Amino acid sequence: MKTSWRSASLVASAAVVLALTTACGQDGGAPTGSQNVGATAAPGDVGDIGAGAGDGIGNGSAAPQGSASAPEPAGKLSVTANAEIGEVVTDGAGHTLYRFDADTAKPPKTTCENDCATAWPPVAADDALAGEGIDKSLLGEVTRPDGTKQLTIGGWPAYRYAKDTAAGDAKGQGVGGKWFALAADGKKAKAADLAGLSTREDPKLGEIVVDKNGMTVYRFMKDEAWPKPVSACTGDCLEKWPVVAPVEADDTKGVEKKGLMSFTRPDGAAQQTIDCWPIYTFAGDKEAGDANGQGVGGTWYAVKPDGKPVGAPKK
């Protein structure tokens, strides 16, 4: 993580805020252990799929995708990017595959049986194929107590989660603190640390800027950029649209450097700009990949890498 590095860099950047705020409008760019969990496993460990709407941690209704006695075929495995947890292994139908901390990889051993295997259907090994991003040598199998063969990746037995009903779902991530999406090497999937500002490809908006947490960044059309940045979002507005704190230029990826700077707001807080325009996040975005602030009030828009607003009406 870069937390301490960023904290130090913010102190350094504060000293040059006044100098940076004069750069807007100029041509040059500004600086800137094994156990049997079977039928007696706690609901938090296996994920209860009984009646109910579900609580987001494994409780609720869902139809199992397989059974304890007959693992569902894997098909062609591939690596899929997930905005929150990084690159994960998915089966031929696009469903996320998981590993269980109570299992072992050396030697491979599965401890998920009975009710557990209903909530977490084991993946069959017999038809698994290595697709793009998958090392065939890391694929193997383990014999379950009922005699069926279960797929292993890097030694770890692979499962699906019954509440993942659509391709791309990853609702099993972190359930009970023991279930985690599988990375291609068999380790737990983990999102790579993002730069302070970077870009992502949104299916509707195109390439847009995100902050260090992967949250969409926005511009307010009532703000000003020249001859110096001025934010028109004050008071209660800031509760819905928190400002993006200053970011060092070398802690960005894919964002144009011209006009990439910070300025001091009237309340004394420092705020980041892109192309000298103040930038914000939206309290209505609950997770990485959300863009619920797009077009709000006809004045808030996601930001392109060059600082221009996405989809804003032309003046």
Side-chain angles (χ1 to χ4, degrees), residues 1 45-47 49 54 56-58 60 62 64-66 71-105 108 110 112 116-117 119-125 127-142 150-195 198-203 210 212-216 286-290:
M1 298 295 293
D45 286 346
V46 304
I49 58 169
I57 59 172
Q65 297 173 10
E72 185 177 343
K76 191 173 184 178
L77 306 178
S78 58
V79 176
T80 303
N82 181 287
E84 294 183 49
I85 56 180
E87 294 188 336
V88 302
V89 178
T90 53
D91 66 11
H95 292 115
T96 302
L97 302 190
Y98 300 88
R99 50 174 275 180
F100 185 30
D101 279 358
D103 289 348
T104 60
T110 174
C112 181
C116 175
W120 300 90
V123 181
D127 82 326
L129 299 173
E132 186 175 355
I134 303 296
D135 183 347
K136 182 179 180 180
S137 67
L138 293 179
L139 303 184
E141 63 181 38
V142 61
Q150 182 175 357
L151 174 70
T152 62
I153 300 176
W156 288 96
Y159 306 83
R160 299 179 183 86
Y161 184 38
K163 284 195 69 178
D164 285 350
T165 56
D169 283 352
K171 299 174 183 176
Q173 176 69 4
V175 168
K178 295 182 178 181
W179 290 92
F180 299 93
L182 272 161
D185 58 1
K187 296 180 180 179
K188 299 174 184 178
K190 180 181 181 297
D193 291 338
L194 295 175
S198 59
T199 64
R200 71 173 176 85
E201 190 68 27
D202 185 273
V210 297
K212 64 182 179 180
N213 299 312
M215 306 303 289
T216 301
K286 301 305 181 182
E287 56 186 33
D290 285 351

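Quick caveat: nothing in here was measured; it's all calculated off a predicted structure.
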Quick one: does Asp185's side chain have a donor or acceptor within less than 3.5 Å of a partner on Lys187's backbone?
yes

Looking only at heavy atoms, what is the nearest atom pair of Gly154 and Ala105, with distance?
O-CB, 3.9 Å

From Arg99 CZ over to Lys178 NZ, what is the distance, rounded to the nearest 0.5 angstrom?
13.5 Å

So, taking the atom named NZ in Lys171 and the one named OG1 in Thr96, what distance separates them when rounded to the nearest 0.5 Å?
11.0 Å

Between CG of Leu129 and CG of Leu139, what distance do you get to the nearest 0.5 Å?
9.0 Å

Any side-chain heavy atom of Gln150 within less than 4.5 Å of one from Thr152?
no

Give a yes or no answer on whether the side chain of Tyr98 reaches the backbone of Tyr161 with a donor-acceptor pair at less than 3.5 Å.
no

Shortest non-hydrogen contact from Pro73 to Asp127?
CB-OD2, 3.3 Å

For residues Leu97 and Arg160, determine if any side-chain heavy atom of one lies less than 4.5 Å from a side-chain heavy atom of the other.
yes

Under the side-chain contact (heavy atoms from CB on, under 4.5 Å) test, which residues partner Glu287, sequence neighbours left out?
Glu84, Asp290

Closest heavy-atom pair and its distance - Pro121, Ala162
CD-N, 4.0 Å

State, yes or no, whether a side-chain contact exists between Val123 and Asp91 at a heavy-atom distance under 4.5 Å.
no

Hey, what do you get for OG1 (Thr165) to NE2 (His95), rounding to the nearest 0.5 Å?
7.0 Å

How about Asp103 and Val142: do any of their side-chain heavy atoms sit closer than 4.5 Å?
no

Shortest non-hydrogen contact from Ala170 to Asn82?
CB-ND2, 3.9 Å

All heavy atoms of Trp179 vs all of Cys112, minimum pair found to be CH2-SG, 3.9 Å

Going by heavy atoms in the side chains, are Leu151 and Leu77 under 4.5 Å from each other?
yes

Counting only N and O atoms by type, is there a donor-acceptor contact under 3.5 Å from the side chain of Arg200 to the main-chain atoms of Gly289?
yes

If you look at every heavy atom in Pro108 and Gly155, which pair is closest and at what distance?
CB-O, 3.3 Å

Sub-3.5 Å donor-acceptor pair from the side chain of Gln173 to the main-chain atoms of Ala181, do we have one?
yes

Contact between Tyr159 and Thr110 at the side-chain level, heavy atoms closer than 4.5 Å - yes or no?
yes

Is Lys163 salt-bridged to Asp169, cutoff N-O under 4.0 Å?
no

